[in-house]
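Shown next, in structure tokens, is the structure this report addresses.
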Amino acid sequence: MKIGVYICQCGINIAATVDVEKVVEYAKTLQNVAVSRFYKYMCSDPGQELIKKDIKELKLDRVVVASCSPRMHEPTFRAVLEEMGMNPYYFEMVNIREQCSWVHIDKDKATAKAMYMIAGAVARATYLEPLEKKEVSVIPRALVVGGGISGIQAALEIAEKGFQVYLVERNPSIGGRMAQLDKTFPTLDCSACILTPKMVDAARHPNIELFTYSEIESVDGYIGNFKVKIKKKPRYVDIEKCVGCGACAEACRLHARIPNEFDMSIGKRSAIYVPFPQAVPLKYTVDPNNCLTLKTGKCGDHALCVEACGERDAINFNQKEKIVEVEVGTIVVATGYDLFDPVEKPEYGYEKFDNVITGLEFERIVSASGPTEGHIEINGKEPKKVVFIQCVGSRDKESNEYCSRVCCMYTAKQAHMVKDKIPDADLIVYYTDVRAFGKGFEEFYNRVQDEGVIYRRRELDDPIEVKKNGNKVVVKAKGHPDVDADLVVLATAIIPKKDSKEFSRILNINQSADGFLLEAHPKLRPVDTFTDGIFLAGCCQSPKDIPDAVAQASGAAVRASEPLAAGKVFVEAISAVIDEDLCSGCRVCEELCVYSALEFDEKDKIMKVNDVMCKGCGSCASACPTGAITMRHYDVKQILAQIGGLIR
Amino acid sequence: MKEKFEPNIIGFLCNWCSYAGADLAGTSRIQYPPNLKAIRVMCSGRVNPIFVINALQQGADGVLIGGCHPGDCHYERGNYLARRRMAVLKKLLEYTGIDPRRVRMTWVSASEGKKFAEVVKEVTEDIRELGPMQHFRRENKW
Amino acid sequence: MDKYVLPKDNLSKFVSEMIGKYKVFAPVNDNNVTLFKQIKNPKEINLEFTNSKVPPKNLLFCQTETLFKFTPGTKGKIHPVDFDNGGRTVFGIRPCDAKSLAILDRVFKGDFEDPYYLTKRKNTILVGLSCTQPCLNCFCTSFNDSPASPEFVDILLTDIGDKYFVEVNSDKGKQLVKTMNKLFKSATEADGKKKKEVEKKAKDIITRFQKIDGITEKLDKIFENPFWETVANKCLGCGTCTYLCPTCHCFDIQDETTMTDGGRVRIWDTCMISEYTLQASGYNPRPARMNRVRNRVYHKYNYYPKNFEVIACVGCGRCIDSCPVNIDIIDVVTRAGEVKP
Amino acid sequence: MNNNPYQPWLATIDDIKEEVGGERAIKTFKLVFQDKNIQNNFTYLPGQCAMVSLLGKGECFFAISSSPTKKDYIEVSVMKLGKVTSALHECELGDVVGVRGPYGNYFDVKGWQGKNLVFIGGGIGQAPLRSLINYVVDNRRNYGKLDVIYGARSSKDLSYKQEFAELEKRKDVNVHLSVDVEEDGWKKFVGFVPTNLLRVKPSPKNTIAITCGPPIMIKFVIQNLEKLGFTEDQIFTTLEMRMKCGIGKCGRCNIGNLYVCKDGPVFSYKQLKSLQGER
Amino acid sequence: MVDEKQLRDAVKKTISRDDVKYVVGYEKGTSGFLVSPTFAFTPGDADKFIFSPLCVNNLAVYPMLEDKPPLRKGEEPDTRKIGLVVKGCDSRAIVQIIQEKGLKREDVVIIGIPCTGVIDPKKIKEKFPGQMKNVDVKEENEKFVITIDGKIHKISKDELLAEKCKHCEYPAPVLYDILIGKEIKSTKKEDYKEIEPLEKKSLEDKWDYWEKQFERCIRCYACRDACPLCYCKECMVDLLDPQWIRRSVNLSENTAWNLLRAFHLAGRCIGCGECERVCPMDLPLMKLNKKIEKDIKEMYDYTSGIDAEEKPLLAMFKPDDPEEFIL
């Protein structure tokens with residue numbers, strides 16, 4: 001057995017705290033170590049060459065590299081072995097940067113720890129076994145969850161590459177948050193104008209199948225072979241028959257009596273409705289929570305909508321929820337975001353006073369297609385003094401520490417819209433820091449300031465208070481004179497979708513501490529998740545503006561299309577193996593495996609592993625009462641040897 | 001002066017959460033004691049109680065098992081299963097006179113670099129206080 | 001044979017003097033289990049015992065013994081160990097256990113002498129203690145042995161009331177007594193008579209008897225007899241009988257290592273488990289419990305007598321006392337003798 | 001020489017020949033004792049065994065497969081089966097192993113002088129026969145007709161291919177190789193070793209037959225030898241057992257009252273038949 | 001008192017069935033108070049069957065002990081049933097094994113005995129040491145009536161009763177095909193009093209206690225082999241590669257073995273006490289088993305060997321399992 005040990009200085013990242021030369025000398029004393037070297041950057045080409053040369057000349061059996069986290073460069077070095085004709089699993093990585101040099105100051109101690117870690121790795125390396133990566137074929141279809149701008153973009157791009165896409169949206173129409181916006185910063189394009197053509201494209205694309213008013217019920221399987229159950233909620237309208245004429249909504253007994261969620265409940269709709277006129281698909285949906293027929297079983301003496309629909313006969317109150325199962329190779333998650341509920345910060349007076357609204361409510365008010373047809377009015381009056389408060393629920397340790405990234409600019413935009421529509425209005429913006437980092441942002445901010453909008457800096461530590469003052473409210477901010485305002489607009493934070501947790505479990509992906517879905521690497525794999533074959537786009541991953549969301553969606557689409565195009569993928573070689581001589585057929589493992597990777601062989605009365613299904617977690621191995629199950633690459637010999645090395 | 005006792009602690013860290021959390025502590029340069037040496041496993045569910053007992057035999061003064069928070073397991077339930085195993089094992093160890101502070105379990109997510117560092121600090125201090133694990137350490141004298 | 005008496009008051013002195021010179025092993029009470037252990041003080045001795053749970057063979061043929069140390073690996077080195085050359089006495093060994101050592105000697109001598117056992121054996125003085133209260137399953141008399149036989153010890157002590165009757169059976173014994181002769185008194189004829197009485201009484205207590213006439217030859221004829229199946233059916237395959245047997249001597253050799261050091265270790269093994277004979281190819285010549293139970297009986301009553309002219313059983317009864325399922329060697333062998341070939 | 005029979009002498013791996021590949025690979029290791037004195041004093045005869053160990057992995061008992069006529073090394077052929085043999089297979093030139101021995105009895109090479117010899121081997125069972133064959137060939141004029149019958153599952157599984165090729169070139173040794181199943185390019189006998197034996201049909205007259213191989217093969221070889229007229233005391237075989245000590249103490253390898261490591265491994269069929277015990 | 005005639009009839013009836021291989025029960029032992037497991041292959045064998053308070057063995061171990069040498073070509077495995085005489089605790093072992101799919105219900109014919117408690121062999125041996133003949137033990141009015149060489153001793157049950165019987169909640173078999181006598185109900189409650197003193201000790205005292213015990217272990221594995229639930233084809237301590245535990249007999253390896261044995265039985269041990277009974281070195285193994293039993297009852301409300309449909313304790317979880325110990 002010949003083991004090569006390579007220690008990376010990582011510039012000074014490692015070398016500053018770990019005495020690399022000393023470690024090299026120490027490694028030489030370890031059993032089976034044939035060569036031990038250090039280099040400035042092991043991951044660089046010359047570094048890799050060093051290893052390759054030794055593999056060739058010294059005929060190394062195993063390679064140990066002590067450098068950064070295996071989550072960074074394990075694939076890099078495995079590729080080195082592979083290139084030299086070695087099995088890539090003969091490689092062992094020691095994390096002496098993230099878990100040693102960066103977290104310890106004392107050079108002696110860090111050096112000692114690095115030695116222990118390397119001793120453990122060398123001991124373990126002796127027992128490493130060659131593994132073959134398993135190749136599985138890929139179902140050439142993709143699933144996109146979420147029909148907002150990110151989802152639409154991703155779906156269109158994958159479809160354009162020639163693969164079939166299922167686009168699933170929980171609302172009756174695709175379009176998402178962007179559809180609710182009036183104009184977009186900083187270019188002031190009309191949001192609907194640029195979005196609706198895309199919506200239509202998506203609906204029309206021969207490779208895209210829309211599942212609106214639908215939700216993901218479950219996801220099983222693995223990259224290349226996901227089995228997805230989609231729950232189609234009953235619309236009570238046959239979308240084949242509905243032509244979107246709207247006669248039913250006009251006829252509805254509750255016509256214009258139900259708050260329309262799309263208009264942030266400022267506008268009203270019927271119990272049978274489309275969320276907005278440009279909805280895609282333009283098909284009506286019965287609101288089961290309000291429809292008299294569905295709620296009480298009785299709508300006067302007969303249902304007026306059915307009557308209005310007449311011969312088309314599109315309304316069907318007997319529709320039931322349907323589960324559709326689809327199989328896809330990859331999944332793009334674009335589930336979007338929710339908005340912070342300012343009720344949680346009572347000092348802003350939201351819901352207490354009509355004069356206090358959120359940014360998105362303002363969008364609906366200012367929108368030409370909104371409930372006020374674009375007239376900015378509050379209780380029927382045009383406001384003359386408008387206050388914008390930023391960072392409501394963002395950059396605030398009590399609610400969300402992060403910056404929501406879009407509020408500064410949309411507030412500027414909204415201020416501009418007010419100025420545009422009510423030129424004599426006084427505008428004050430309370431800001432924390434104005435973050436105008438995007439293309440054209442700073443210019444826009446300057447323009448708005450030039451338009452006479454007053455920016456007042458607020459300190460987050462001194463909460464702004466909004467109090468009643470007759471028909472108006474008074475905004476009190478420390479360090480500034482009080483302002484009597486007709487309208488207060490709160491820039492509420494972008495927060496993770498309410499059901500993110502549940503959803504991340506369905507998909508078996510992670511959330512970061514803030515609750516957004518977690519990318520595989522913040523820098524290098526920003527659209528991947530830790531589950532192979534599942535990718536992220538848009539605000540489900542973190543707050544973003546439209547261009548960023550679209551860019552990420554394009555990225556996710558490319559990532560998701562790669563396996564589809566390749567037609568096959570390699571899946572984790574780490575899987576369970578069963579020693580048939582030891583297995584007693586107790587089937588404990590069958591019980592606990594989430595992936596159904598273990599099957600009972602009726603003939604031999606023992607368990608068998610399905611390599612491809614197995615994800616290599618190892619729960620079965622530690623539960624196996626007879627020790628019949630071992631985990632490839634994490635087997636008992638390897639682990640016990642590593643323990644021995646770590647505490648020698 | 002007698003040198004301060006530096007405990008040897010073995011950490012079994014799950015690849016997806018705790019190991020990533022430890023990495024994050026690194027990228028965030030959060031300092032913690034160097035006594036814990038990590039073994040990367042795919043899931044805390046991989047940690048067979050025998051590994052723990054073996055580590056103590058081989059001379060570890062303590063063992064820390066790090067997994068994902070309940071519900072966050074990359075493999076859905078590995079951490080739940082580990083939790084049961086460790087609950088039973090810890091009680092058994094305590095009953096035989098092994099201080100329960102020597103075998104610890106923690107939930108550390110990929111975003112909890114700070115928590116990871118704090119946990120390591122706490123565990124190290126606890127075990128430092130307990131002194132070397134001598135109960136059934138292998139003597140290897142032959 | 002020299003005969004003395006040792007007043008009971010002098011016993012503690014006798015032991016103390018031995019402790020000053022040798023490693024002394026004696027029966028002690030370890031949580032209600034009698035075991036031979038090294039003692040530092042005569043007070044540790046417990047003489048209220050019928051026999052020790054584990055036979056004192058473990059003092060010479062240790063359950064775990066390092067054969068040598070080494071630096072592991074393919075570039076390794078061997079580091080021999082020093083044999084335990086120090087003088088030792090086993091105080092309170094029963095005549096049956098002493099006989100077992102004489103039986104074990106034959107295995108560990110031979111063409112290849114076992115230095116670990118023999119070095120210790122050579123330096124060990126056996127100070128025997130007659131058995132006056134044989135236990136339920138004692139049957140040494142079946143082999144014409146006596147619970148008060150000095151044959152296999154260096155010195156035998158027999159409790160004859162207020163003193164011990166001392167029989168010195170070897171040069172080693174003589175040497176020992178000589179160095180502390182003021183503790184001993186010459187034995188009178190009455191003392192000798194008393195010993196005989198005690199011995200007779202002890203023999204009479206033994207009610208269990210194993211028929212061993214011509215057993216070796218009888219066994220030759222019934223190797224394939226289904227009788228062995230019936231015996232083995234209830235066997236659980238644990239190692240209790242063999243571990244507690246004073247003549248069993250099977251062992252396993254294992255390498256144990258850390259990253260830097262290692263030792264080749266010899267550990268007691270038991271022929272009662274399947275793994276014992278399992279070959280690397282997967283083939284097992286003794287696959288069933290029947291094979292193993294039969295092997296144990298044959299080893300003691302057939303193979304051993306053929307090789308060494310002595311039955312490898314001393315009638316201590318330990319295996320009967322401790323067998324979880326009452327496989328009773330007295331009963332098994334007696335019945336085997338009656339089996340029609 | 002130390003007088004501790006448990007303590008091996010160190011030997012260096014001087015050469016490794018890969019005989020057979022695959023799951024149950026066979027390699028022949030050439031071992032040279034580090035101490036010249038030991039090497040010179042390590043005298044043995046064909047059939048005898050040695051305990052070879054890897055420090056840290058354990059010991060294994062092997063028939064010495066080299067001929068005693070080669071003085072400056074010994075060879076053992078190792079099939080990859082368990083922990084120790086697998087570790088041995090990973091060894092490289094220059095690696096150090098422990099060796100103790102020689103152990104057991106041997107083929108009666110003196111007594112068989114002037115006789116015809118038939119060697120019947122299968123698979124790894126050829127190892128002890130190889131020692132004997134090479135010994136006999138090196139002392140060729142002392143012996144009569146020599147027939148070597150050897151077979152394996154396929155040509156890939158045949159050990160000592162090169163040596164057989166050399167042997168086949170000699171006029172005074174008859175080599176009869178076989179494989180169990182038909183394969184491309186195999187022009188010699190196809191069938192099991194016992195069948196090949198019947199085909200070769202050695203005369204029992206003044207002949208000793210020595211067989212070693214898998215138990216099932218030995219069983220049929222002996223049956224066929226008897227068919228050919230060989231008597232019980234003309235047939236010899238060597239046995240294999242699980243062993244730990246090699247010196248008749250640990251108690252594993254007994255067949256009846258005999259210990260394979262001490263009283264064997266060479267037994268005549270006559271002896272074997274009279275032995276009562278598991279094997 | 002168990003009607004031995006009824007028992008023998010049941011054994012006869014069972015062994016007379018074509019689909020039964022043999023019946024395992026108890027017979028009188030070879031000496032003293034010993035009782036021996038016995039096998040009936042023919043109806044005639046049934047006459048030696050007995051049941052007395054000395055019948056302490058858990059015979060559920062036998063179906064799991066069957067030697068399974070490889071079948072020869074064309075040979076069919078003998079799949080006939082095994083008849084078993086069981087007490088309450090023994091029957092729980094059967095249930096637990098069925099739960100673990102080690103046996104199928106139809107593999108066994110269970111002759112159940114409502115058990116009123118058995119005698120601890122160690123206690124009775126201490127009480128009546130030395131040589132004896134013609135021993136008989138009966139139960140009468142809450143007393144054990146012990147006859148030795150014609151001499152009768154009446155001893156209160158409590159004095160000789162095995163510890164496990166003192167708190168037995170399942171004296172009647174939880175699963176049986178034939179019941180000998182009437183079903184009985186337990187009035188007892190397991191309160192784990194016997195481990196409480198140890199639980200309350202300081203850590204040092206606990207280790208002091210266990211160190212002395214583990215040190216004594218000779219690793220004969222009788223505890224394992226007598227346990228009906230230790231039926232792995234190959235026990236992990238016998239494995240060499242990987243070697244979980246070294247074979248050396250010393251405190252470290254002995255402790256590891258004893259902890260692992262106990263842990264391996266977590267949620268599986270049914271408390272028959274065989275491990276402790278057969279231990280030649282008198283290790284208090286039940287103190288370990290009972291502790292785990294208590295803990296899992298408290299933490300997971302789980303009792304083993306009651307319901308054959310239950311899932312294995314350590315192969316399942318509840319999201320709200322206790323986790324105060326987690327950092």
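In this text the structure is predicted, and so the values were computed from the model without any measurement. The sequence lines fix the lettering, A, B, ..., with proteins before strands; numbering per chain opens at 1.
At a 4.5 Å heavy-atom cutoff, E:Asn289 makes no contact with chain B through either its backbone or its side chain. For E:Trp210, the part lying under 4.5 angstrom from a heavy atom of chain B is the side chain only. Of the two parts of B:Lys90, only the side chain, counted from C-beta on, holds a non-hydrogen atom closer than 4.5 Å to a non-hydrogen atom of chain E. Looking at E:Glu204, neither its backbone nor its side chain comes within 4.5 Å of chain B, counting heavy atoms on both sides. For chain B, the nearby part of E:Ala266 is the side chain; its heavy atoms alone come within less than 4.5 Å. Heavy-atom distances place the side chain of B:Val123, and not its backbone, under 4.5 Å from chain E. Residue E:Tyr209: no heavy atom, backbone or side chain, is found under 4.5 Å from chain B. Looking at E:Leu314, the atoms closer than 4.5 Å to chain B (heavy atoms on both sides) sit in the backbone and in the side chain alike. Proximity to chain B (any heavy atom under 4.5 Å) is shown, for E:Asp321, by both the backbone and the side chain. Only the side chain of E:Ile292 has a heavy atom closer than 4.5 Å to any heavy atom of chain B. Contact annotation for E:Glu324: neither backbone nor side-chain heavy atoms come within less than 4.5 Å of a heavy atom of chain B.
A 4.5 Å side-chain heavy-atom check between E:Tyr300 and B:Val88 finds at least one atom pair inside the cut-off. Between B:Ile53 and E:Phe263, every side-chain heavy-atom pair lies at or beyond the 4.5 Å cut-off. Side-chain contact between E:Phe325 and B:Met86: present, with at least one pair of heavy atoms (C-beta onward) separated by less than 4.5 Å. E:Leu327 is listed as a side-chain neighbour of B:Glu122, based on a closest heavy-atom distance under 4.5 Å. Taking 4.5 Å as the limit, every side-chain heavy atom of B:Pro70 sits out of range of all side-chain heavy atoms of E:Asp320.
Ring orientation note: the planes of E:Trp244 and B:Phe51 are close to parallel, at an angle under 30° on the 30°/60° scale.
Closest heavy-atom contact between E:Lys291 and B:Lys91: CE-O, 3.9 Å. Across every non-hydrogen atom of B:Arg84 and E:Met316, the tightest pair is CD-O, 3.2 Å. Of all the heavy atoms in B:Gln57 and E:Ser252, the pair that sits closest is NE2-OG, 3.0 Å.
Panel note: side chain B:Tyr95, backbone E:Lys287; a donor-acceptor pair is recorded below 3.5 Å.
The residue among E:Asp295, E:Asp205, E:Leu251 with the most heavy atom pairs within less than 4.5 Å of chain B is E:Asp295. Of the residues considered (E:Asn258, E:Leu198, E:Asn254), E:Leu198 shows the highest number of contacts with chain B, using heavy-atom pairs under 4.5 Å. The candidate with the highest count of non-hydrogen atom pairs below 4.5 Å against chain B, out of E:Leu313, E:Ile245, E:Asn250, is E:Leu313. The residue among E:Pro322, E:Ala262, E:Pro319, E:Ser248 with the most heavy atom pairs within less than 4.5 Å of chain B is E:Pro319. Note: B:His135 leads B:Arg85, B:Arg104, B:Glu118, B:His135 in heavy-atom pairs under 4.5 Å with chain E.
To the nearest 0.5 angstrom, E:Thr255 atom OG1 is 11.5 Å from B:Arg138 atom CZ.
Heavy-atom neighbours of E:Asp301 CG from other residues, nucleotides or ligands within 6.0 Å: at or below the threshold of 12. Residue-environment remark: NZ (E:Lys104) stays at or below the threshold of 12 foreign heavy atoms within 6.0 Å.
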